[in-house]
Every structure is written in C-alpha cells, then in structure tokens.
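So you know, we letter chains A, B, ... as the sequences are listed, proteins then strands, and number each from 1. Just so you know, these numbers come straight off a predicted model, no measurement behind them.
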Amino acid sequence: MNQRHIFGTVFWLESAIAGGVFVVIAIILLVSLVRRRARVGLVASQRQDNRKLEISYAVVLAAFAAFLVSYTAWQNHRETGANASTAPAGHASSSAQGSGAPSKPVTVNVTAFQWCWQFGYPQAPGSLKVSDNCQGGKVPTLVVPTGREIRIHLTSKDVIHSMWVPALRYKMDAFPDHVNSFTIKIDKAGRWVGRCAEFCGERHSKMHFWLKAVPPDEYKHWVQQHAAHAGGAQA
Amino acid sequence: MTVPATSDPADTRTAEPDGWLGWLTTTDHKRIGLLTLATSVVLLFLMGILALIMRGQLAQPGEDLIDAHTYNQVFTIHGSGMIYLVMTPFAIGLGVYLVPLQVGAPALATPRTTLLGYWLYVLGALSMLCGFAIPSGAARSGWFSYPPLADSDYSPGAGPDLWVIGVAMSAIGILLMAWAVLWTVLRKRAIGMTMLRLPVFSWSMVVTCLMVLGAFPSLLAALVLLALGRGDPAIFDSNVWNIGYQHLFWFYGHPVVYVMFFPYLAAVAEVLAVFCGRRFFGYKATVLSLLVFAALSMSVWGHHMFTTGQASNDYYSLTSILLTVPAGAEYFGMLGTLVGGRIVFRTPMLFALAFIPQFLIGGLTGIMTGTPVIDYHVTDSYFIVAHFHYTLFAGSAFGLFAAVYYWFPKVTGVMLDERLGKIHFWLLVVGANLTFLPMFGLGYKGMPRRVNTYSSVDGFGLLNLLASCGAAVLAAGMIVFAVNILRSLLRRRRGGLAPMPDNPWNAHTLEWATSSPPPPENFTPDRPLPPITSNAPLLDLPMAQKEAEGANPGKTAQPGEPAGPAERSGL
C-alpha cells in the first residue's frame with residue numbers, strides 16, 4: 001500500500017502546514033479587528049509599504065515553495081519509482097519486502113466500460129477474465145495476492161473512466177486507445193470498494209468494483225479454480 | 001434615468017432613445033456594465049436553484065427526487081452557468097462599469113463592440129439554457145465536457161450542441177468586452193493617471209483582461225474540436241484528440257479561475273482600504289504580484305491532468321505551488337492594510353473580511369491538489385468540489401457581494417439596507433461553511449463528484465445532510481439579498497429618500513469624485529476630475545476641498561449646459 005503510505009505522509013504534512021498558516025492569519029485578522037476598531041483617538045496609518053519586509057517575506061515564501069515542490073516531487077518519484085520496478089530480481093521497492101525473494105509481479109489488465117469493469121489475468125491459464133454488469137448490486141471483484149507487486153494495465157472501451165480505490169488513496173484515468181500502467185502492492189488481506197471517479201454518463205454512480213486481497217496460496221487456488229471455468233467467465 | 005441634452009452633435013452617447021430601446025442599444029459603458037451585471041445576477045439565482053435541486057437529491061442516500069439523466073443536466077448547467085455565465089461576466093461587467101470612471105475617462109474605448117459582446121453573452125446564455133426545453137434535455141457531460149463522452153455517439157441530442165454554441169458565443173462576448181476594458185486602461189486614462197496611479201481594481205482588470213485574451217482563444221479551439229467531434233465522433237477514437245482536448249480546455253480552464261478571482265480580490269482590496277480609512281498597504285507589491293500570478297497562471301494547466309498519466313507531474317506541480325508566492329504577497333497587502341487601519345464595520349467590509357479566511361481555505365487546499373501524490377486521491381472527488389467552492393463561492397462570491405454593497409450607492413444613488421445586509425452576510429457565512437466544509441470529509445472518505453446518488457452503506461449520509469442544510473441556509477440568505485436590492489430600488493422609484501452624499505463611504509478613487517449615479521459623460525464641468533496625484537486621489541485632496549465636496553448635494557449636469565469633453569487637467 002505504497003500509495004497510501006506516501007499520501008498519508010504528504011497529506012498530513014501539508015495539512016499541518018496549512019493549519020499553521022490558517023491559524024497565524026486568523027490571529028492577525030482577529031487581533032487587528034479588535035485592536036483597530038474605529039474609535040475616538042485611533043488614527044489610521046498612512047504608511048504605503050514596507051519594502052524590506054515585503055522582499056524578505058517573498059524570499060521566505062519562495063524558499064518554502066521550493067522545499068514543498070522538491071519534497072513532494074521526491075515522494076511522487078518514490079511512488080512511480082516503485083511502479084517501474086517490474087524487474088523480477090533486485091531493486092528493493094520502498095515498502096517493506098515480503099519474507100521471500102520478490103517474485104514476478106502479477107499482471108492484471110483492467111478494462112473500464114459503460115458502466116462496469118473487466119479484469120483480465122493474462123498470466124493465468126486460458127487468459128482468465130472476470131466481469132459483471134454493475135446492476136442490482138452485482139459488481140465484479142478484482143482478486144489479487146497480498147505481498148506481491150501487482151502491475152495494472154488500465155484502459156477503456158468507450159469513454160474516459162477513472163479507477164479509484166479510496167482505501168489505497170490512489171486513482172488513475174482509463175482512456176480509450178491508451179493504456180496507463182501502475183503498480184500496487186497490498187500488505188494485508190481484505191476487501192475494499194473501488195469506484196469510477198471520472199464522470200462517464202448515466203450510470204456513473206453505480207460503476208463500482210471490489211478489490212479483494214488474499215494470501216498468495218489462496219490466490220493460486222482461486223486462479224486455478226476460475227481458470228478451469230474459463231469458458232464460463234463472461235467477457 | 002434622464003439624459004441631458006447636448007450641444008455636441010458628435011457625442012452620440014447622449015443621443016440615445018428613451019426607455020427600453022435606449023437600454024438595449026446603449027453605448028454608455030455604465031448601461032452596458034449594468035446590463036451585464038444584472039443579467040449575471042439573475043443567472044446567479046437560477047444557477048443557485050439548480051444547486052438546491054442537487055442538494056435536495058443528495059441530502060440522503062438512495063433518494064429518487066430526480067433521475068440520473070436529469071441530475072446530469074442539472075450539474076452540467078449549474079457548473080457551466082456559474083463559470084461561463086455568472087462569475088466571469090460579472091467580473092468583466094464590473095470592469096466595464098467601473099474602469100472608465102476609475103481612470104477618469106468619459107467613455108469606454110470601443111462601446112459598440114462591447115455592446116455586441118454583451119448581446120453575444122446573452123444569446124449564449126439563452127442557447128445553453130434552451131437545452132432544458134427540448135425532449136432529450138440540456139447538455140449533460142459536465143462543464144468541461146470531455147470527449148469522447150461529449151461527442152454525438154455518447155451524448156446524442158441537440159442539448160450538447162446548444163451548449164457548444166452557447167459557450168462559444170458567451171466566450172466571444174467576454175473576449176470583446178475584455179478587449180474594450182483593457183484598451184480603455186491603456187489608451188483612455190486621464191492626464192495625470194499614470195499606470196502606477198491606477199486603483200487596485202483597475203489593475204486587476206488589466207491583468208484579468210490579459211488572461212482573457214491569452215486563454216479564451218484556447219477555449220474556442222477546444223469547442224471547435226468538440227463541434228467537429230459532434231459531427232464525426234470517429235476522431236475521438238484516437239487518444240491524441242481526447243488528451244489534446246483536455247490540454248486545450250485547461251489552458252483556458254486554469255487562467256479562467258483567476259479571471260473569476262482577481263476582480264473580486266481587488267474589490268475586496270478597495271473595500272478594505274476604504275473601511276480602514278487608509279491607502280491599500282503594499283500597492284506596488286500587489287500590482288507586481290498580480291502580474292506574476294497571471295503569467296504563472298498560463299503555465300499550470302496540467303495540474304488538472306495528473307491522473308491522466310499523460311502530463312508532466314513535476315513541471316505542473318512546480319508552477320502550481322510557485323503560485324503561493326504572489327498569492328502570499330496579496331494576503332500580505334490585505335492583512336497589512338488591516339493591521340494599521342481604523343476599521344469601520346459596514347456590510348461591504350464584513351464581506352471583505354470574511355473573504356480573507358474563507359478564500360484562504362480554498363487556497364491552502366489548492367496547494368494540496370497541486371501536489372500529485374495528494375491529487376491522486378482527492379481529484380474528481382468531493383474534496384475538489386469543496387476546494388473550488390471555497391475559492392469561488394466562499395471567496396470570489398463574497399468579493400462579489402462586497403462589491404455589490406460597496407458600489408450599489410454609486411450606481412443607483414441609494415444605499416442598501418444595513419440591517420438586511422448584515423442578516424444576508426451572517427446567513428451566507430454560516431451557509432457557505434456548513435455546505436462546503438463537510439464536502440472535504442466526503443471526498444476524503446471516497447465520494448466521487450458528479451454522482452446522482454449514493455448507497456446507505458457508504459457512510460456519506462450525515463455529511464451530505466449537513467451540506468444540504470447549509471444549502472438551505474444559503475438560499476435563505478440569498479432571499480434576503482434579493483429583498484434588499486428590490487426594496488432599495490422600489491424606494492428610489494417612489495422617491496422621498498433622504499438625499500445620499502455622492503461619496504457615502506469616504507472612498508478614495510475617482511469614480512466617487514463624480515455624482516452618484518454618474519452623468520453620461522462621467523465627469524462634467526460641474527463635477528470635474530480632481531487632481532490625480534496617487535492611486536487614492538480623493539485621499540490627497542486638502543481638507544477644505546473635501547468639505548466642499550461633501551456639502552455638494554451632487555446634481556448631475558443641468559440640461560442645456562454644454563457637456564463637452566470632460567475637463568482633463570487638475571484644477
């Protein structure tokens with residue numbers, strides 16, 4: 001859950017900074033509202049500017065902006081750097097490694113369409129495909145193993161959609177005639193809701209899926225079981 | 001409004017027909033400005049009603065007040081209307097009315113073109129709204145209408161066609177008006193009015209119009225592409241045109257955010273200075289920061305596209321976060337003005353004061369959404385909805401109301417009621433925060449934007465209910481606002497109001513040196529331009545002269561009096 005960790009770090013840092021800035025400005029505002037309220041004997045200042053203060057303030061702001069840009073860009077590269085580490089050996093990803101040697105990532109081809117999802121497993125026997133129609137609560141489940149890198153190739157059959165798993169704090173747009181690829185890794189077993197985040201028409205609000213992470217053994221079992229029924233898995 | 005006769009046959013501004021025809025064919029910038037402002041305020045109420053329908057539908061999980069097809073039209077026209085037809089035209093309309101007065105000019109640079117711009121805007125608005133009257137409904141693919149969803153395969157019907165035509169017409173209208181305002185500042189300033197003596201508001205209009213001229217052509221290009229795609233949807237089978245549309249659109253779409261911000265920010269700045277009884281602090285720094293801000297704004301568009309996976313994250317994040325420097329400089333000026341001020345709490349000032357912390361919330365969350373790793377989660381969620389409503393409603397619209405309360409006596413010659421104004425203000429403060437603060441939580445928890453309903457298991461019910469209650473409070477506040485405006489206008493018509501001084505706020509800028517409302521030629525021998533010695537010329541007048549001004553009941557030029565070109569030199 002690399003994206004979730006990085007989001008957490010950066011989001012709380014920026015929230016703390018934003019909170020601090022808000023409090024400082026609110027205090028200046030409130031104090032001047034109370035102390036500078038018009039009354040007899042209070043004269044408004046006629047000072048037009050304060051060049052020195054303005055310049056030093058701008059320099060501080062610029063330094064702060066430079067820090068924020070470079071720090072968050074570095075975090076962004078950690079995220080995409082981990083994405084690029086599809087090589088089976090070496091290149092430790094930033095999140096905690098599993099017990100064994102890192103194995104080949106699991107590839108999933110995700111295809112969005114109006115208005116549901118299709119998950120293809122090209123490495124499984126018979127190119128296993130899972131889909132549904134997202135009607136009457138029937139939503140497809142993207143099953144993945146825990147502790148392994150999952151390489152997702154995302155595209156669309158019709159309009160632009162966006163694949164969002166709020167619990168992962170990550171989304172990526174699905175374009176027709178274009179494939180976006182990214183890597184996720186899930187530390188623990190569980191099931192999370194996924195949604196379409198890019199407005200895509202009439203049933204946009206119903207275009208959900210489940211992301212389900214299971215231990216690797218169970219995943220293998222699941223693949224074998226479903227690949228056996230491959231003929232029954234609808235496209 | 002009576003138009004004094006003139007002895008100058010070349011002066012067509014004063015030879016307008018009486019009555020409604022005079023209004024519809026006017027070349028007086030004040031009338032064109034007022035038409036624009038009034039049209040956009042009427043549309044503001046309409047778009048507000050659409051927002052209330054949405055909040056009604058979303059108040060509780062699984063509601064079925066309106067179906068998805070209708071909901072999609074409602075949010076599309078609400079967003080398109082607020083941006084293309086309300087906040088942008090109101091900003092430019094303020095410029096059309098005020099800029100000639102503020103720079104001491106007798107008229108706008110190209111009045112007929114400006115009038116054409118106004119009519120294009122009105123026709124564009126009608127075209128967009130007409131969609132509701134046809135069976136297949138109005139446009140329904142959002143205010144940025146991405147293809148392929150917006151092409152004729154996925155959004156068939158005439159509604160989206162009318163939308164494309166409407167947006168294009170109003171955009172051309174705004175372009176023409178912005179051109180006129182910019183040219184007025186550059187070429188029609190009174191003698192003595194140097195660029196660094198322009199009021200902050202006029203400077204904001206210079207910068208705003210530059211952005212309009214730079215960015216709006218890109219919107220027109222995007223619309224042409226969309227129109228082609230509605231003719232032949234096959235072009236959007238290719239990714240290059242889909243992503244290309246997004247680039248063209250956001251090259252317009254981000255600068256327009258500041259088109260809908262600077263004029264209101266500057267209105268707030270003028271109000272702060274006047275009700276602090278002092279010059280705006282850090283004038284030059286503010287002017288410089290506006291220019292830097294506008295320049296940077298042309299380079300940040302890709303931050304709307306981080307999740308497309310087809311934009312350069314580092315570059316757009318850099319330019320976006322650099323905006324904190326000019327934005328910070330503007331806050332410095334506003335706070336500096338307050339720190340040394342002698343603050344009088346009248347209604348315009350209340351709106352200006354609330355603008356400061358409320359816009360700040362929008363700005364600070366803007367830094368977050370300019371950070372790719374945060375944007376991945378929050379974009380296209382209710383977090384974004386909360387963010388831009390804090391900038392555009394809790395920020396810009398509060399500036400809009402500050403401007404209305406501040407300039408209403410200038411424009412009409414009557415004041416708005418203070419008590420109703422304060423009720424309006426407090427309802428809006430409570431309503432805006434109650435509506436938009438919970439939306440940050442909703443987005444964080446995973447509610448996507450543009451959903452017509454949600455399920456009870458999602459856990460979005462409570463926060464949505466709070467937001468809908470807030471919308472009801474906003475509606476109450478807006479009713480008070482409407483009552484206040486209508487009441488003052490009715491009283492003016494009936495007469496018998498105590499005469500109002502021409503400059504009731506002791507304001508500093510030239511529009512307050514003439515009568516309220518101003519005569520058609522703005523400045524007359526009777527009410528000449530004062531000497532222009534700084535960006536607050538009325539503050540520079542010697543005390544004796546100020547008292548004489550105050551004692552003047554403010555008559556417009558007498559009929560029969562020659563009303564030639566305004567006296568340009570300081571007396």
Side-chain angles (χ1 to χ4, degrees), chain A residues 3 6-7 10-11 14-15 18 21-22 25-26 28-29 32-33 36-38 42-50 54 57-58 61-62 64-65 68-69 72-73 75-76 79 158-160 162 164 166 169-173 175-178 180 193 195-205, chain B residues 68-69 72 141-142 146 148-149 154 237-239 242-243 276-279 281-285 307-309 313-314 317-318 321-322 324-325 328-329 331-332 335 338-344 353 356-357 360-361 364 367-368 371-374 376-377 380-381 445-446 448 450-454:
Chain A
Q3 287 90 351
I6 290 175
F7 172 87
V10 178
F11 184 77
E14 287 198 7
S15 299
V21 171
F22 186 83
I25 290 186
I28 297 174
L29 185 62
S32 48
L33 291 190
R36 306 299 301 190
R37 199 185 180 96
L42 179 75
V43 182
S45 155
Q46 289 306 323
R47 179 157 198 169
Q48 302 205 27
D49 50 17
N50 184 337
E54 280 159 9
Y57 173 75
L61 271 182
F64 163 75
L68 205 59
V69 173
T72 58
Q75 290 283 11
N76 192 205
E79 201 169 276
D158 35 50
V159 303
I160 304 169
S162 188
W164 183 25
R169 309 285 189 260
Y170 193 74
K171 69 171 70 72
M172 183 56 76
D173 293 351
F175 279 76
D177 186 40
H178 178 80
N180 272 328
V193 69
R195 295 191 169 93
C196 176
E198 185 70 63
F199 179 67
C200 57
E202 203 114 327
R203 294 182 49 78
H204 166 59
S205 66
Chain B
H69 186 73
N72 296 343
S141 42
Y146 283 165
L149 181 65
Y154 296 106
D237 291 346
S238 156
N239 178 58
N242 291 325
I243 199 74
C276 282
R278 62 173 298 188
R279 278 160 217 285
F281 180 74
Y283 168 81
K284 283 184 187 164
T307 58
T308 61
N313 286 1
D314 292 349
S317 177
L318 170 74
I321 291 178
L322 277 183
T324 44
V325 180
Y331 263 76
F332 188 83
L335 290 174
L338 282 169
V339 165
R342 184 179 184 278
I343 303 172
V344 181
L353 288 171
I356 296 175
L360 186 63
I361 295 178
L364 292 170
I367 299 177
M368 295 182 184
T371 305
V373 291
I374 296 181
Y376 287 148
H377 179 50
D380 279 323
S381 80
K445 285 175 71 171
R450 298 171 168 176
V451 290
N452 64 314
T453 187
Y454 53 94

Q) Where does B:Tyr331 contact chain A at under 4.5 Å (heavy atoms): side chain, backbone, both or neither? A) side chain
Q) Heavy-atom distance under 4.5 Å between the side chains of A:Ile25 and B:Leu335, does that happen here? A) yes
Q. Who pairs with B:Tyr154 by ring-ring contact (aromatic ring centres under 6.0 Å, His included), at least two apart in sequence or on another chain?
A. none
Q. Who wins among A:Val21, A:Asp158, A:Val43 for the most heavy-atom pairs under 4.5 Å with chain B?
A. A:Asp158
(Q) Show, in sequence, the C-alpha distance, side-chain angles and deciding distance for A:Ser162 and B:Asp380, and conclude whether the side-chain hydrogen bond (donor to acceptor under 3.5 Å, both in side chains) test is met. (A) CA-CA 9 Å; A:Ser162 188; B:Asp380 279 323; 5.2 Å; no
(Q) What part of A:Phe11 gets within 4.5 angstrom of chain B, counting heavy atoms only: side chain, backbone, both, or neither? (A) both
Q.
Just so I know, are the side chains of B:His377 and A:Tyr170 near enough to count as touching, which here means a heavy-atom distance under 4.5 Å?
A. no
Q | A:Tyr57, part contacting chain B, at a heavy-atom distance under 4.5 Å | A | side chain
Q: Could you tell me which residues satisfy ring-ring contact (aromatic ring centres under 6.0 Å, His included) with B:Tyr283, sequence neighbours excluded, listed by chain and number?
A: none
(Q) With heavy-atom distances below 4.5 Å as the criterion, would you say the side chains of A:Asn76 and B:Tyr376 are in contact? (A) yes
Q. So which part of A:Ala26 gets closer than 4.5 Å to some heavy atom of chain B, the side chain, the backbone, both or neither?
A. neither
Q: Determine whether B:Asp237 and A:Pro176 make a side-chain contact, defined as any pair of heavy atoms from C-beta on separated by less than 4.5 Å.
A: no
Q | Interface moiety of B:Ile356 toward chain A, non-hydrogen atoms closer than 4.5 Å | A | side chain
Q. Under a 4.5 Å heavy-atom cut-off, does chain A meet the side chain of B:Asn452, its backbone, both or neither?
A. both
Q. So what's closer than 4.5 Å to chain B heavy atoms on A:Arg37: side chain, backbone, both or neither?
A. both
